[in-house]
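The structure under discussion appears below in the form of structure tokens.
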Amino acid sequence: MTSEEKAIDLIAQAERKVKSSQGFLGGLFGGSSKLEDAAELYISAGNMFKMAQKWSAAGTAFMEAAQLQINLQSKHEAGQRYVDAGNCFKKTDVEEAARAFEMAINIYTDMGRFTMAAKHHITVAEIHESNAADLEKAIFHYEQAAQYYKGEESNSSANKCLLKVAMYSAQMEDYAKALVIYEEVAADAIESSLLKYSAKDYFFKAALCHMCIDIVEAQRAVEKYCDMYAAFQDTRECKLLKNLLAAQEEQNAESFTEAIKEYDSISRIDQWLTTILLRIKKGMNEEPDLT
């Protein structure tokens, strides 16, 4: 008997157990213990399907087990089964995987297990950012995760999620939202001797978001960041910002490009920065030349 055949047999046994637990006689003769047995059979079937690499069938079996465990008031076990289902569905059906993890999240939040809920919000966010490329949903789940981590005083975990929110918000041209997050995370970082050095990157990104909105506000922001964190003044990021702002003010696309090339020769500019910088440059070209 193959693993898949064993799994199919276990599913049939589980279905018979569920059926015999129902109705008046089922209630009299240990209905709940039959449901417990059925849940165990579904779990065994799920594991057999996993061995056979039948991921969709495995996920469905774990979903059935989770539903029975909810009926039995075994919330923690139900949550774990939904996670098992989600991990199986991730290999075949990302929408179904997200649904399974969201059901686990509902259980964990109901139980007050907010760190667990946050962890699975991140999983759902990652599903949306990589497979489905639905950035709005990814942002929503990273925000939820950040909120739960903050509530549990896990500020560094919260900030990691918020940085994802900022990155995707800027990509979607919601610069105001992105820059507020970058400024908040930078302000947090400069309070820590371990994290202080990373503040320059967050101030840099916040200033670029400002440049996408308003050059005067961007100039003020760079001055403010230098006041908040004196070491920022001497960074290559701050020097680049000042050169870019000068080029933007003069509508000098050539100087703008030269400043970026000089920076990139030492510190590689990633895809996100490239996108934002190109948008700023394009904005310069679109403005009327008043000279």
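- The side-chain hydrogen bond (donor to acceptor under 3.5 Å, both in side chains) test applied to R16 returns no partner, not counting sequence neighbours.
- The NZ atom of K54 sits 9.0 Å away from atom CD1 of I8, with the distance rounded to the nearest 0.5 Å.
- Between D93 and S56, the closest side-chain pair of non-hydrogen atoms is not below 4.5 Å.
- We find that E223 and R220 are not joined by a salt bridge, their nearest charged nitrogen and carboxylate oxygen being 4.0 Å or further apart.
- Shown here for A176 and I213, the closest heavy-atom pair between the two residues is N-CD1, 3.8 Å.
- A cation-pi arrangement is absent between K90 and W55, since the terminal nitrogen or guanidinium carbon is not both under 6.0 Å from the aromatic centre and inside a 45° cone about the axis.
- If you check the side chains of D84 and Q80, you find a donor sitting under 3.5 Å from an acceptor.
- Heavy atoms from other residues, nucleotides or ligands lying under 6.0 Å from CE of M172 number more than 12.
- When E129, E143, E126 are each tested for a salt bridge (Lys or Arg N to Asp or Glu O under 4.0 Å) with K164, only one passes: E129.
- The shortest heavy-atom contact between G79 and I107 is N-CD1, 3.8 Å.
- Looking at E173, its side chain never comes within 3.5 Å of a backbone N or O of A170 through a donor-acceptor pair.
- C161 contributes atom SG, which lies 10.5 Å from atom NZ of K150 (distance to the nearest 0.5 angstrom).
- Ring geometry for Y225 versus F203: interplanar angle under 30°, hence parallel rather than tilted (30 to 60°).
- Atom CD of E64 is separated from atom CD of Q69 by 12.0 Å, given to the nearest 0.5 angstrom.
- The aromatic rings of F114 and Y148 sit tilted relative to each other, their planes meeting at an angle between 30° and 60°.
- Judged as a side-chain hydrogen bond (donor to acceptor under 3.5 Å, both in side chains), and not counting sequence neighbours, Q171 has no contacts.
- With respect to the salt-bridge test (charged N to carboxylate O, under 4.0 angstrom), the residues K224 and E183 qualify.
- Donor-acceptor pairing under 3.5 Å is lacking for the side chains of Y168 and E136.
- Between H121 and H141, the ring planes lie tilted relative to each other; the angle falls in the 30° to 60° range.
- In this structure, a donor-acceptor pair under 3.5 Å is present between the side chains of N159 and D188.
- Salt bridge E262/K239: present, at least one basic N to carboxylate O contact under 4.0 Å.
- Although no hydrogens or angles enter the test, the distance criterion places a donor-acceptor pair under 3.5 Å between the side chain of D264 and the main chain of I269.
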